[in-house]
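So that the names make sense, note that chain A is the first sequence line, chain B the second, and so on, each numbered from 1.
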Amino acid sequence: MLETRYLLVGSSHAALEALAAIRMHDAEGSVLLATRDTAPPYSPTVLPYVVSGKSDPNRVRLRSDDFCEAQKVTLRSGSALASLDTAAQMARFADGTEVRYERLLLATGATPAIPKIAGLTRVQYHVLRTLDDAVRLREALGRARRAVVLGGGLVGMHAAENLVHARTETTIIEMQPQVLPGYFDAQAASLISGAFAERGTRVLCGQSVVSVAPRESGFALKLLGGERVEGDLLLIAAGVRPTIGYLSGAGVATGDGVLVDRRMRTSASNVWAAGDVAQAESFLQGGRRVNGILPNAVEQGRIAGMDMAGDPGARDYRGGVPINTYHFFGRQALSVGVDSLEGCETHVQVDEAAGRYRKIVLKDGRLAGIFSIDLPFDAGVMVELVLRGTDLAPVKQAFLENPRDTARALMSRLWR
Amino acid sequence: MSALPQAKTLPGHVVCDGNEAAAWGVVLSRPDMVAVYPITPQTSLVEALAQFAADGTLDTEMVEAEGEHSVLSVLQGACLAGARTYTATSGPGLAFMFEPYLRAPGLRLPMVMSLVTRDTLSPQCVWGGHQDAMSVRDVGWIQVYCESVQEILDTVIMAFRIAEHRDVMLPINVCHDGNYLSFGVCRVDLPDAAGVDAFLGKADTNWHVALDPDRPMGVDPLTGGGGPGAALFARYRKGHCRGMQNALQVIVDTHRDFGDRFGRRHAPLLEEYRLDDAEYAIVTIGSMTGAAKDAVDEARCAGQRAGLIKVKTYRPFPLQAMVQALARVKAVGVVDRSVSFGWNAGPVFQDVLGTLAMLPQRIPAVSFIGGLAGADLTPGHFARALETTAQALAGAVPIAPVWLNENDR
Amino acid sequence: MAAYETIAFDAARCTGCGDCMSACAQEKTGGFDHAASRIQILPAANDGFELALCRQCGDPGCVSVCPAAALEKDAASGVVRWDETKCIDCLLCTVGCVYAGIAYDERTGRVAKCDLCGGDPACVKACGEGALRHVKSAQIYNRYGELEDLFVPGLAGCQGCNTELLIRHVLRAVGPETVVAAPPGCIPGMGTVGYNGKTGTKVPVFHPLLTNTASMLAGVRRTYKRKGRDVTALALAGDGGTADVGFQSLSGAAERGEEILYVCVDNEGYMNTGMQRSGCTPYGAWTSTTPVGERSHGKTQEAKNLPLLMVMHRCAYVATASTAFMEDLYDKLARAIEASKRGFAYLHIYSPCTSGWRFPSQANIEVARKAVETGFVVLWDYTPDAGLRFTRPIDDLRAVDEYLEAVGKYRHLDAAQVAHIQAQLEKDLGLLKELAVRGAQAEARALA
Ligand SMILES: Cc1cc2nc3c(=O)[nH]c(=O)nc-3n(C[C@H](O)[C@H](O)[C@H](O)COP(=O)(O)OP(=O)(O)OC[C@H]3O[C@@H](n4cnc5c(N)ncnc54)[C@H](O)[C@@H]3O)c2cc1C
């Protein structure tokens, strides 16, 4: 049996940030970092670029080789958490190892959601969440001629673009009536899917797959409407679910993910959760939601780490804000906040010809959301304006005309 | 310390006043630093030193400070850095230096200072008297009083050895009377320079407390108050008193060794003059003693059994020596060149009164005050003092002090 | 942890001319398109200008959120470096930054950020208004951090007092071959000389009288010089012991050209013993001996201008300094140390007193800064050859009210008193200016 003061499960953004925060306050307390991954720490976000070849899989590590030594941490890779006894403060791993912890952070992220489709077990399909997934997909990309991407979310759209570049005939199938739901409204989404369509990609929205069957050199999908789509590469990118299988019977309250308070504490004592696995306060929408984006994983990881170490500087989590910085075919699509709230006012500006679009959502004179295509702004500045509830009334006109510079000037003043 | 250039060949004797004699003593003692500020009647001493330094006769760090307060302060810094130091002052200069003056003995700094004694203001006065020296008799400095110009020279040299003695480590005032000694000229013999070097040895002024980056320490941090401070403070004070008491023997030894080496002997603590079969005696201090001795001689010629006790070392007070001297007589008169305002008597008289308490039987004692503000004390004045003391022996003891110059014209 | 250089922006001086942006664009792209500049000057809402520029944060948000390890804080230079070969253009870094310090550049389709031009920023050089400054004080802090701290830990100053920092840094710079004199006041009050036989300093230190600091040090320095040892004689004194009762010894030592480094920490009164008036207490100030009552309203006389008096002694070096302008202070300290090997060096440091001046302890540096920005304190230095020169411009001073309002000891002042102070400042400034002109003329003559 191993013993440690801090047990961090996961080796991605949330866990690494928590580690840094712990070390800021507690230079000596023993830390065990246990992760299912066998590769050195990397980010899932980089995977589409590994697939495209832009990123070398050997150059994506988030920490230098000596970080374990520098941060005085013991790393156990290839070690998957299997079950948890929160009363005994004991974690059991798949290989049978038991670890007694004083403080535990669950940062196990999310796992691709696999929709219930008849026949799926009989065909080969890809997902994209791990480095192994990415390397496999990259190999498959070279051979594929006709690809089907299930899901028009971020992961799916990124993959689809890679397929386009690889001159693979591609179909995107999305259940919702638009691509990138939750980040862009229908109008913006259609600008984006238009760009795909222009390059020969079929984008089938509002469609769901009922069954799949193997074919000689691939597979055939049957859609709810009856249409059949054939292909030789199937990528399932139909969203993710928090990785919480090991929690069954552990007595840790869960909803969609692990429920946490504003210090990332779970319902069990001495257990924290952060990142894609956690279901934390939402800033704009109220209640607790899983907000599976990288900046949130970092922010939550930091708060959890500070709280675990007893750092008096720890502050409450202000709440998650949806954020997306997406680019497609060299164009920018940015999204911060929500695109509708009760009682909000909305200002939209579109230049169809140039493909430019901007939408600003204000509520009580404060920023609730801002979205754009090819009209860049600084997402970090906008998020901060949202979180601070900065009153934009005095600069409203300027903000609507030139949100980027107005926001920059505002933040510059606020920070001084 | 780096080797100092060898002093120039010095004369075997000179004819000079007491101030210059002190300066010659300084030359022979080779201090590392001399700091001065001129003041009457010390001025010619300072001038002599400046000239010696200018000539190269005296190789020292000369500091012409902007006042006596700084004079003593500069020297304290120097002494803490390991320097042998010398200065001279008088009357108002001493008053102005009082703040650092109070501090030097507590720091156990072996400094040598000539005090060319002068009466204190007011009345405004630039002439001799012991009031300045007597005002600081109990702040922890050693005080010795010279009788002659020769004794000034010799005592300045001895003072360095006394002050720097490890059992003592205290500053010393070599007092010589303003006017009579400071300006009185006579022949003085100079001991040979190498002999003085051997007699004094190397200066070691800061082995016990230093401002030296090689031996860093906090010099004179706050001491006292509650906790361990009170006991520590008492320890320092007691050590200071012990140093003063040790000085008595060191002064005796130093005078003896000086006599052995250079052939000139001075009484170290007290001088007993014609005391052996004396019935009564007068006590004197400083340059008045010469005239007083003449008066004693005359009294002896007249068949009186008169004697004299001269005080050389006044602080620490040589109690034992004074007990022994007074034990031989049946009446004593004390001639002071200053007053103790609180006692309506002279200060030396007070000390004698204190000494009398140590004797098996009480003897009558009379206080005489004279020689204030440069007034001359002649054999005539001392004859009167002797006569009055003799009368006291017969039972007529004046209750108030006798002011010797009161009716001078 | 190391400290780093930064570019500081003084909004009050910015005219929005855009020269910095042109310079940056030119430096980084060869063109003059302001959009390509990594420093962005923006019109502010009301008027004036604001700034978007990388702060080279100590704990950079952009680095934390980069999924591709393309951003890194360079431990040596402190610059947050962008590795274009690793960058995947995901723009997450722009989410991590709340200053718009790393931003999307439409022309390249990639992010761009300031890299301090390798330590010599083009924008700063281009700014003619003094709105941008390349603050290198971090180098000084790093340098000082490496020098040995020669005071013991745990000196006990009042909360917010910066004198402890000041004396620690001075002694670090002066080094171990030093004898320190700390006359009665706050500095020994903190425990520098120690208590009951224990010292507070790792070099020889003593407690002179309030009156004789300069003289005692003269004796120390001269003795070592005679012995052939170069020992710095350092005074760490307050204004009371320097300007009032210690002035005679100070003046004498300066006149004799004693080789002393005399640092006067001026907190405008006897603060260690509870805020009594000194000769350096300014007009109008409340102190416990110039109280405010029905008949009196603080001190009725002007402060003695001690540093100018020292100029009149033709010291080897005289300077005024403020704890709010540390670069300036350290520069002067270095000059003063050097000058103290040849003659009397006098450094007069204005140091606000959190306890005695009546302002919140966290406002110390701000109060010190306002004193300078309003001309209440003027930063200059003097050498016999170059004369007097201002080390911080004095032509753009703010009204003195701004300073007086920040300090509780002036709370009672009426309009007439404030006007009096303003008028007196201007007179004093006039005198300094005349001296500075003479200095400049002397220097010109020396050059010619
Ligand atoms: C293809 C792709 C593209 C993305 N693009 C973006 C984007 O552009 N912008 C954005 O904001 N976000 C993006 N994301 C999401 C972002 O990557 C995540 O929000 C972020 O990685 C969450 O970090 P995390 O630490 O919470 O979890 P993860 O990054 O999911 O890491 C989980 C860690 O836990 C380990 N683990 C899992 N289960 C176990 C177990 N049982 N025992 C031990 N260890 C375990 C894993 O090995 C891994 O180390 C993308 C994600 C993907 C997959």
Side-chain angles (χ1 to χ4, degrees), chain B residues 1-2 4 32-33 35 37 59-85 96-97 99-100 102-103 107 205-206 209-233 235-236, chain C residues 150 152 175-182 184 188-189 191-233 245-256 258 260:
Chain B
M1 183 177 299
S2 61
L4 300 178
D32 302 293
M33 186 181 284
Y37 184 86
D59 177 35
T60 193
E61 193 69 22
M62 270 295 259
V63 183
E64 304 87 27
E66 81 291 346
E68 290 87 351
H69 191 284
S70 280
V71 160
L72 206 57
S73 302
V74 168
L75 294 181
Q76 287 181 8
C79 193
L80 285 163
R84 175 178 284 170
T85 62
F96 183 39
M97 90 173 31
E99 194 191 17
L102 275 184
R103 201 175 191 201
L107 282 167
T205 63
N206 69 347
V209 56
L211 288 171
D212 181 351
D214 290 346
R215 286 182 287 148
M217 62 177 83
V219 171
D220 216 3
L222 280 182
T223 305
L232 194 59
F233 194 91
R235 242 179 66 205
Y236 287 141
Chain C
L150 293 167
V152 298
E177 280 296 297
T178 301
V179 170
V180 177
T192 52
V193 190
Y195 295 100
N196 293 332
K198 298 203 170 65
T199 183
T201 308
K202 298 179 193 167
V203 299
V205 59
F206 67 105
H207 212 163
L209 300 165
L210 192 56
T211 44
N212 70 358
T213 307
S215 324
M216 271 187 88
L217 279 177
V220 170
R221 169 75 183 170
R222 285 219 203 180
T223 299
Y224 284 114
K225 199 169 180 199
R226 189 173 163 82
K227 294 180 185 187
R229 279 175 67 182
D230 180 14
V231 172
T232 306
V245 74
F247 184 68
Q248 170 169 329
S249 71
L250 176 77
S251 172
E255 180 267 331
R256 293 190 304 273
E258 303 285 359
I260 292 173

- Sub-4.5 Å side-chain heavy-atom contact between C/T199 and B/P221: no
- Pair C/K227 + B/D212: basic N to acidic O under 4.0 Å: no
- In terms of heavy-atom pairs under 4.5 Å with chain C, which of B/G224, B/G225, B/G67 leads? B/G224
- Message: Between B/L80, B/T223, B/L75, who has the most heavy-atom pairs with chain C when the cutoff is under 4.5 Å?
- Response: B/T223
- Query: Can you say whether C/T213 sits under 4.5 Å from chain B via the side chain, the backbone, both, or neither, judging by heavy atoms?
  - Reply: neither
- Item | Greater than 12 external heavy atoms within 6.0 Å of C/K225's NZ | no
- Under 4.5 Å from a heavy atom of chain B, the part of C/L209 involved: both
- Message: Please check if the number of heavy atoms outside B/R215 that lie under 6.0 Å from its CZ is greater than 12.
- Response: yes
- Message: Between C/N212, C/V193, C/N196, C/V179, who has the most heavy-atom pairs with chain B when the cutoff is under 4.5 Å?
- Response: C/N196
- Side chain, backbone, both or neither of C/R229 within contact of chain B (heavy atoms, under 4.5 Å): side chain
- Closest-packed option against chain C by number of heavy-atom pairs under 4.5 Å, given B/S73, B/G218, B/S70: B/S73
- With a 4.5 Å cut-off on heavy-atom pairs, point out which of C/P188, C/P208, C/G200 contacts chain B the most. C/P208
- Min side-chain heavy-atom separation C/H207-B/V219 under 4.5 Å: no
- So what's closer than 4.5 Å to chain C heavy atoms on B/L232: side chain, backbone, both or neither? side chain
- Part of C/P176 within contact of chain B (heavy atom distance under 4.5 Å): backbone
- Separation of C/F206 CZ from B/D220 CG (nearest 0.5 Å): 10.5 Å
- Query: Any side-chain heavy atom of C/V203 sitting closer than 4.5 Å to one from B/P213?
  - Reply: no
- chain B: which of C/V220, C/T192, C/T201 shares the most heavy-atom pairs with it under 4.5 Å? C/V220
- Item | C/R221 side-chain N/O to B/A78 backbone N/O, donor-acceptor pair under 3.5 Å | no
- Message: Heavy-atom cut-off 4.5 Å, strictly under: side chain, backbone, both or neither for B/M217 against chain C?
- Response: backbone
- In terms of heavy-atom proximity below 4.5 Å to chain B, should C/K198 be classed as side chain, backbone, both, or neither? backbone
- Query: Where on C/E258 is there a heavy atom nearer than 4.5 Å to chain B: the side chain, the backbone, both, or neither?
  - Reply: side chain
- With chain C, which of B/H69, B/E64, B/M33 has the greatest number of heavy-atom pairs at distances under 4.5 Å? B/H69
- Query: From C/R226 CZ over to B/E61 CD, what is the distance, rounded to the nearest 0.5 angstrom?
  - Reply: 6.0 Å
- Less than 4.5 Å apart, any side-chain heavy atom of B/E99 and any of C/L210? no
- Item | Contact origin within C/T178 toward chain B - heavy atom pairs under 4.5 Å | backbone
- Item | Among the listed options B/A81, B/A35, B/G227, the residue most often paired with chain C at heavy-atom distances under 4.5 Å | B/A81
- Task: Between chain B and each of C/T211, C/L217, C/V231, count heavy-atom pairs under 4.5 Å; write down the option with the most.
- Result: C/T211
- Query: Is the shortest distance from a Lys or Arg side-chain nitrogen in C/R256 or B/E66 to a carboxylate oxygen in the other one below 4.0 Å?
  - Reply: yes
- Message: Please determine whether side-chain contact (heavy atoms from CB on, under 4.5 Å) holds for the pair B/D214 and C/E177, giving the CA-CA distance in whole Å, both sets of side-chain angles, and the decisive distance to 0.1 Å.
- Response: CA-CA 8 Å; B/D214 290 346; C/E177 280 296 297; 4.1 Å; yes
